[in-house]
Amino acid sequence: MKIFCVGQNYAEHVKEFGGQIPSQPVIFSKPETAVLRNGEPFYYPDFSKEIDYETELVIKINKEGKYIDPKFAPKYYDEIALGIDFTARDLQRELKAKGQPWDIAKGFNGSAPLSNFVPLSKFADVQNLNFHLHINGVQKQKGNTSDMIFKVNELIAYISKFFLLKKGDLIFTGTPVGVGPVHIGDKLEAFLENEKMLEFEIK
Ligand code: MG
């Protein structure tokens with residue numbers, strides 16, 4: 001299973017880091033060992049003092065394809081989930097400053113908490129979904145997928161030019177504005193249209 005992630009895919013989030021709106025999707029990946037199943041605790045790693053949450057809609061690919069045309073992309077997914085793209089921000093900053101790849105800041109063990117998948121057919125439009133994150137019962141981040149710069153179908157088309165997509169591959173579609181740090185003892189809960197999808201603690 002491959003895990004693709006999209007950076008800078010919500011304009012307000014790009015602004016919070018002082019970046020430029022990208023002209024092409026920004027793609028990186030995480031190893032499958034990054035997945036943390038719903039309910040499993042996240043153990044705060046000793047190599048960072050600044051682990052940020054990024055709440056994201058996750059798409060699961062349901063069949064093999066490459067060079068997928070955006071208009072046929074809807075045939076390649078029928079389940080969605082919520083995930084967190086945990087980021088060791090301090091480490092990422094150091095690596096970016098040196099022009100080095102930031103895999104270790106994004107792909108470490110447990111850096112991809114993932115809810116169970118639900119059928120997309122439950123929802124009217126993948127590009128009009130509300131989602132939000134609570135930490136210790138307080139809402140910390142919320143977004144709507146209508147604000148994506150590159151929509152799900154464009155992301156699938158773009159990624160599939162470079163990588164053969166296979167059944168079970170995941171795409172973390174980017175985070176909206178409002179990212180921030182987690183701390184030991186925090187309880188995170190992520191909601192998709194007011195349905196709790198993901199719940200776990202930082203230990
Ligand atoms: Mg992200």
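Note that ligands are numbered from 1 as they come in the structure, with each ligand's atoms numbered from 1 the same way. In this chain, residues are counted from 1 in sequence order.
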(request) Starting from the Mg ion (ligand 1), look over the N/O/S atoms of Glu54 and name the nearest one. (result) OE1
(request) For Lys140, look at atom NZ and say whether over 12 heavy atoms of other residues, nucleotides or ligands are found less than 6.0 Å away. (result) no
(request) Using a strict 4.0 Å threshold on nitrogen-to-oxygen distance, state whether Lys122 and Glu193 make a salt bridge. (result) no
(request) Take atom NZ of Lys151 as the centre, draw a 6.0 Å sphere, and report whether it contains more than 12 heavy atoms from other residues, nucleotides or ligands. (result) yes
(message) For the Mg ion (ligand 1), give me the closest N/O/S atom belonging to Glu56, just the atom name.
(response) OE2
(request) Quick one: report the N, O or S atom of Asp85 that is nearest to the Mg ion (ligand 1). (result) OD2
(request) Check the surroundings of atom CZ in Phe162: do more than 12 heavy atoms from other residues, nucleotides or ligands lie under 6.0 Å from it? (result) yes
